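Reading through the structure tokens given below for one structure.
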Amino acid sequence: MYEFKVEKKQELLKGKTITSLANEIGMSVYALIKILNGKVTTRKLTATYIIKICDENTEIEYYFTRKEK
């Protein structure tokens, strides 16, 4: 599971809204808000989608911390 680094939220969004990002990914706005606020962890696949839509040249470890189950 991956936990988002909350301090990098504005850097990741780069002017996009959470709503538009959630629509591009195909997930609910509420679920994305919880991920980006560090309230819940997410699977690697979801974390990868978030990163690739926002910043395709960045590695997942820049924005997420891997957590053991």
Side-chain angles (χ1 to χ4, degrees):
M1 300 303 279
Y2 287 80
E3 181 178 19
F4 185 72
K5 297 176 183 177
V6 179
E7 65 275 5
K8 299 197 181 274
K9 184 175 174 181
Q10 293 304 318
E11 183 180 345
L12 175 75
L13 291 175
K14 294 179 186 168
K16 288 187 177 190
T17 65
I18 292 176
T19 303
S20 68
L21 181 57
N23 288 334
E24 288 183 59
I25 296 169
M27 67 187 310
S28 76
V29 175
Y30 181 70
L32 185 57
I33 288 171
K34 289 189 338 185
I35 292 169
L36 296 182
N37 285 334
K39 303 291 183 190
V40 297
T41 57
T42 189
R43 297 178 307 168
K44 183 176 183 177
L45 183 62
T46 306
T48 302
Y49 283 155
I50 293 169
I51 299 306
K52 294 306 175 187
I53 288 174
C54 293
D55 191 357
E56 64 185 45
N57 297 321
T58 303
E59 295 295 322
I60 193 171
E61 293 82 17
Y62 185 75
Y63 291 107
F64 286 87
T65 303
R66 187 169 192 268
K67 298 286 184 180
E68 294 298 323
K69 291 183 181 180

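Atom set for the values below is all heavy atoms of this structure, side chains included, hydrogens, waters and symmetry mates excluded. Everything numeric here is computed off the predicted structure, so don't read it as measured data.
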From Ile51 atom CD1 to Asn57 atom CG, the distance as rounded to the nearest 0.5 Å: 12.0 Å
Nearest heavy-atom pair of Ile60 and Ala47: which atoms, and what distance? CD1-CB, 3.5 Å
Measure the shortest side-chain to side-chain distance between Leu12 and Ile50 over non-hydrogen atoms and say whether it is less than 4.5 angstrom. yes
Glu7 atom CD, over 12 foreign heavy atoms within 6.0 Å: yes
Would you compute the distance between atom CG of Asp55 and atom CG of Leu13 and round it to the nearest 0.5 angstrom? 11.5 Å
With a cut-off of under 6.0 Å to the ring centre and 45° to the axis, is Lys9 in cation-pi contact with Phe4? no
Under the 3.5 angstrom rule, does the side chain of Lys39 hit a backbone N or O of Ile33 as a donor-acceptor pair? no
The reported gap from CD in Glu24 to OH in Tyr49 (rounded to nearest 0.5 angstrom) is 13.5 Å
Taken to the nearest 0.5 Å, the spacing of Ile25 CD1 from Ile35 CD1 works out to 7.5 Å
Atom OG1 of Thr58 and atom CD of Glu11: how far apart are they, to the nearest 0.5 Å? 7.5 Å
Rounded to the nearest 0.5 Å, what's the gap from CZ on Phe64 to OG1 on Thr48? Could you check? 8.5 Å
Heavy-atom pair with the smallest gap, counting every atom of Ala31 and Ser28: N-OG, 3.0 Å
Heavy atoms of other groups near Lys16 NZ, more than 12 under 6.0 Å: yes
List the atom of Tyr2, the atom of Lys44, and the distance in Å for their closest heavy-atom pair. CE1-CB, 3.5 Å
Can you see which heavy atom on Cys54 is nearest to which on Leu21, and at what distance? SG-CD1, 3.5 Å
Please tell me whether Leu45 and Tyr63 are part of a single hydrophobic cluster in this structure, the criterion being side-chain heavy atoms less than 4.5 Å apart. yes
Heavy-atom closest contact (Glu3 atom, Thr41 atom, distance): CB-CG2, 4.1 Å
All heavy atoms of Glu56 vs all of Lys52, minimum pair found to be O-NZ, 3.2 Å
